[in-house]
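Every chain is numbered from 1, with letters handed out A, B, ... down the list of sequences.
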Amino acid sequence: MPELPEVETIRRSLETELTWRRIDAVEVRHPRPVRRQMRAADFADRLRNRRVVSLRRHGKFLLFDLDTDLVWVTHLGMSGRIQVADPGSPEAKHTHIVIGLDSGRELRFVDPRTFGFMVVLTPDELAESSLGRLGPDAYTALPRSRQLGAALAGRSAPIKALLLDQSILAGIGNIYADEALHRSRLAPQRPGGSLTNDELKALRAAIKVTLEAGLRWGGTSLDDLAYLLPDGRAGRYLSRLRVYGREGEACHRCGSEIRRAVIRSRSSFWCPGCQR
DNA sequence: ACCTCCCTGGCC
DNA sequence: GGCCAGGGAGGT
């Protein structure tokens, strides 16, 4: 499940393949991935003959700037993958969108669960979209602990739920939220507004270190391989996870048994021994 | 601020 | 055959 480190890894690996490439052909085979396009036909019409100028990311959203003022937005959802391949090479099941490039290669959007989407937006549409309500990027614009505290002040919701709220911080998902909380020794159930200044500092530092670690290892590919790099390689952070998916195993820090609980209908893993 | 739904592959 | 994974939109 692509979170910030996975999406950033994908963005970086696409940069050489896409920058200044012209889009020659657009084939949409399944309507659902373009559901966010107000007029479905706009997707292909707005992409065709445009060049990709730059590749940006905000939270889990990929933003490809075109040589007009249009922005090609991609969200990978739960199971979305972007592949760049030679036309005619074997296609993955659930290849929903195929975009031909003037390099002779093609970009394929593959997404079994179809939670992901692609859409091409004008600046106005972009501002009005959910991207306009995104909080600061958790990696490139991580707020100081003071600002983080201000955002969490008065909130009784569990800190785990607030870390997943993209309007507070953009880019953290279920895995990195649990990992950052373990690093900061905070229990996921703690009310967001209950964190002391020292705890806020620890949390901020933990978010930074956790995202950097994820990035360094190319992100987390779970056993389902829902997330893979565009060249098909897997991220290698899975074996370094400290709590996520480790229910019943020993905490590397204190030896206690990792527990799992459902918080806001999401699995949370934490160590009752060293997270308070 | 919270709940439900969307979707398929994989596993029991 | 049924359940689980879960990001984000939309509704209340």
Between atom [atom1] in [X] and atom [atom2] in [N], what is the gap in whole Å?
| X | N | atom1 | atom2 | result |
| --- | --- | --- | --- | --- |
| Leu169(A) | dG7(C) | CG | P | 15 Å |
| Arg36(A) | dC6(B) | CZ | C1' | 13 Å |
| Ile263(A) | dG6(C) | CD1 | C1' | 15 Å |
| Asp111(A) | dC6(B) | CG | C1' | 12 Å |
| His58(A) | dG8(C) | NE2 | P | 11 Å |
| Asp165(A) | dA1(B) | CG | C1' | 10 Å |
| Gln166(A) | dA9(C) | CD | C1' | 13 Å |
| Leu164(A) | dG7(C) | CG | P | 6 Å |

*asked:* Could you check whether Thr114(A) and Arg32(A), counting side-chain N and O atoms only, form a donor-acceptor pair closer than 3.5 Å?
replied: yes
*Determine whether the side chains of Thr196(A) and Asp198(A) contain a donor N or O and an acceptor N or O closer than 3.5 Å.*
no
*asked:* Taking the axis from the first five pairs and the axis from the last five, what angle separates them in the helix from dA1(B)-dT12(C) to dC12(B)-dG1(C), rounded to 10 degrees?
replied: 40°
Select one nucleotide: of [options], the one nearest the side-chain heavy atoms of [X].
| X | options | answer |
| --- | --- | --- |
| Tyr244(A) | dG8(C), dG6(C), dT8(B) | dG6(C) |
| Met78(A) | dC6(B), dG8(C), dG6(C) | dG6(C) |
| His75(A) | dG7(C), dC2(B), dG9(B) | dG7(C) |
| Ala157(A) | dC2(B), dA9(C), dG6(C) | dC2(B) |
| Lys93(A) | dC7(B), dG9(B), dG8(C) | dG9(B) |
| Arg264(A) | dG7(C), dA9(C), dC2(B) | dC2(B) |
| Pro112(A) | dG7(C), dC2(B), dT8(B) | dT8(B) |
| His94(A) | dC7(B), dG6(C), dG9(B) | dG9(B) |

*Side-chain N or O of Ser79(A) less than 4.0 angstrom from OP1 or OP2 on dC7(B)?*
no
*Counting just side-chain N and O atoms, does Arg266(A) come under 4.0 Å of either OP1 or OP2 of dG7(C)?*
yes
*Run through Gln83(A), Arg108(A), Arg105(A) and flag the one making a side-chain hydrogen bond (donor to acceptor under 3.5 Å, both in side chains) with Ser89(A).*
Arg108(A)
_First encountered from the 5' end of DNA chain B, between Phe115(A) and Gly154(A)_ = Gly154(A)
_Toward the 5' end of DNA chain B, by each residue's nearest nucleotide, Ser156(A) or His30(A)_ = Ser156(A)
*Within a radius of less than 6.0 Å around CZ of Arg146(A), do more than 12 heavy atoms belonging to other residues, nucleotides or ligands occur?*
no
*With sugar-phosphate meaning primed atoms plus P, OP1 and OP2, does Arg155(A) contact a base, only sugar-phosphate, or nothing at under 4.0 Å between heavy atoms?*
sugar-phosphate
*Determine the contact category for Arg133(A): base if any of its heavy atoms lies under 4.0 Å from a base atom, sugar-phosphate if only primed atoms, P, OP1 or OP2 are that close, otherwise nothing.*
nothing
*Select from Ser265(A) and Ser130(A) the residue whose nearest nucleotide in DNA chain C is closer to the 5' end of that strand.*
Ser265(A)
*Is Arg29(A) paired with Glu91(A) through a side-chain N to carboxylate O contact shorter than 4.0 Å?*
yes
*Should the pair Arg242(A)-Glu179(A) be classified as a salt bridge under the 4.0 Å nitrogen-to-oxygen rule?*
no
_Check the orientation of Tyr176(A) and Tyr237(A). Use parallel for under 30°, tilted for 30 to 60°, and perpendicular for over 60°._
parallel
*asked:* Would you call the rings of Phe117(A) and His75(A) parallel, tilted or perpendicular, taking 30° and 60° as the class edges?
replied: parallel
